[in-house]
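Encoded as structure tokens, the structure appears first; notes follow it.
In listed order, ligands and their atoms are each counted from 1.
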Amino acid sequence: MDTIVKSYLQKFGVSEATQTFLSKVQKMFIGGAWVESSNGETSDVIEPSTEGLITRIPMGTTDDLDRAVQAARVQFDGGAWRQAKPAERERMMQRLADLIEKNAAELAEIESIDMGKSVAFAKDVDIQGTVDTLRYFAGWATKLHGRTVEPSLPGNYLAYTRKEAVGVVGAIVPWNFPLQTMAWKLGAALATGCTVVVKPAELTSLSALRFAELVQEAGIPDGVINIVTGRGSVVGAAMATHPGIDKLTFTGSTPVGQTVGRAALDDMKRLTLELGGKSPVIVCADADIPAAAQAVANGVFFNSGQVCDAGTRAYIHSSVYDEFLRELIAYTRTLKMAPGLDPDCFIGPLVSALQKQRVTEYIETGKAEGAELVYGGQPVDGPGFFVEPTIFANCRNDMRIVQEEIFGPVLVTAPFDDEEEALALANDSPFGLAAALYSNDLGKVHSLIPRLKAGSVYVNAHGTLDPSMPFGGYKQSGFGKDLGAEQLDYLLETKAVWITLP
Ligand code: NAD
């Protein structure tokens, strides 16, 4: 670990437990064993607030993936996991949730140090969300069953359906909510009796490795959950075509999702794709403008804008546009930009130098396209991959900054004159992950909701999430759902059984 990172951890009083974990040689978790990459390769893990080296993680190979799939296969086909009754699976999941809750402070520190995010948000959102997701799906383990049916065809039949776990699940996760996104994939998979091979993002694998220690402690049989760290282009790509994986669930960018999806369909893998977004926000003239401005700022700048359903395009009624911008800017000024471990951090650094460069280039593109920069957008000196919260006004929908996912703290705004125009602007996007409406006119709200092409619609808030509600996009934001009872459908095959009776 670099001295600059050590001083950073000391400055913010990071726990002994976290320091001990970070000073270990990091290994992958395959079939219950802690192993190095089969070719010995590792990759540096950089702390985003200081740009210092934290540790190294193994860069897995396709041989490592084969071993992980084999371990998951053995458990699925006939191991202790296969034989465990649903109530026993539920108990194991609850034990795991208890352990995550017990170690929440440490996991939040690890997530913050690895990804750069606010440690307070990591605890309240990422870690709490992980616990809640595991508990919610643990409850489902005992409630999954088919139905009996009374057919109308002539004759005498017993006809019923069985719900059967799909098999070995390959889960590829991104870096913005590393532990929580993994839990979204794991919760439903474990509840249904599937086994899992996870590939975390190469930038943020540490919380998954600490999680794996807790999986062992919870007594979940070896091979049920395997963590293979490594490159997307190696391990991830091999997962998409691996014959031992029955279902692939991918969260990440739309271009990679398209590649992965095409490859996975070669052998008809079951497929869930949770992809990018450019979620619109409509602020109507009757909205509570100060409250809407705060909610919009929180909805775009949370996690420094590295949120798939961030409300990144705000369309505001022209009669309240200036007032909204004033409120928005005044509130944004109060959001503290600081290292992730600072307890008051709202805007942390971006995850990597590359992400900072991408976002900075988009800000320059916006200026060049003629968007009016009304807040932020100035370079921030290092160390740390910080980018100021940035707001553009009077944007046009044909601008790249309006059409493309930036994945940083950048909000584009434009006025509209009537709701039909707002709706057309909102739907004019290749993405359809989420949308938000700010209005107190119930009739208007209910007439707009069905016409918004988005997988989630938030009214007078942004990004409200709960394990009981499904999450997933329309259009190029993907298909399939994570969370909610709906997710279970994507992990269960339905078998129709016909028994001819005398
Ligand atoms: P990414 O697509 O670059 O990577 C996602 C994962 O895919 C990583 O684990 C990566 O290693 C892996 N990967 C990369 N290339 C691969 C390949 N050729 N084959 C297989 N796997 C490969 O995305 P990212 O930069 O890590 O995350 C940001 C993106 O994720 C944004 O577009 C964001 O909108 C999206 N996202 C979507 C959701 C959602 O629920 N819809 C949630 C979070 C993030």
Is it the side chain (CB and beyond), the backbone, both or neither of [X] that lies under 4.0 Å from ligand 1, heavy atoms counted?
X      : result
Glu405 : side chain
Phe250 : side chain
Leu433 : side chain
Thr251 : both

Just need the protein heavy atom nearest to [atom], so name the residue and atom and give the distance.
atom                    : result
atom 41 (N) of ligand 1 : Leu275 O, 2.7 Å
atom 35 (C) of ligand 1 : Gly252 O, 3.1 Å
atom 28 (C) of ligand 1 : Phe407 CE2, 3.5 Å
atom 22 (C) of ligand 1 : Gly232 CA, 3.4 Å
atom 23 (O) of ligand 1 : Ser253 N, 3.4 Å
atom 42 (C) of ligand 1 : Cys308 SG, 2.9 Å
atom 27 (O) of ligand 1 : Pro174 CB, 3.3 Å

Which of the ligand 1 atoms, numbered from 1, are nearer than 4.0 Å to a heavy atom of [X]:
X      : answer
Trp175 : 24 (P), 25 (O), 26 (O), 27 (O)
Ala201 : 9 (O)
Gly236 : 19 (N), 20 (C), 21 (N)
Val173 : 6 (C), 8 (C), 9 (O)
Ala237 : 19 (N), 20 (C)
Asn176 : 43 (C), 44 (C)

Would you say [X] has any N or O atom under 3.5 Å from an N or O of ligand 1, going by distance alone?
X      : answer
Thr254 : no
Arg231 : no
Phe471 : no
Glu202 : yes

Query - Aromatic centroids of Phe302 and Phe121 separated by under 6.0 Å - result: yes

Requested in this report: Run the ring-centre check on Phe177 versus Trp184 and record whether the distance is less than 6.0 Å.
Outcome: no

**Report entry** Salt-bridge contact Arg210-Glu213 (side-chain N to carboxylate O under 4.0 Å)
**Finding:** yes

Report task. Identify whether the distance between the nearest side-chain nitrogen and carboxylate oxygen of Lys356 and Glu51 falls below 4.0 Å. Result -> no

Report task. Among Asn103, Leu179, Ile110, Asp132, find the residue that satisfies the side chain to side chain contact (heavy atoms under 4.5 Å, CB included) test when tested with Ile127. Result -> Leu179

Report summary line: From the list Arg73, Arg270, Lys269, salt bridge (Lys or Arg N to Asp or Glu O under 4.0 Å) with Asp246 holds only for Arg73

Query raised in the report: Under a 4.5 Å cut-off applied to non-hydrogen side-chain atoms, are Leu107 and Leu214 in contact?
Result: yes

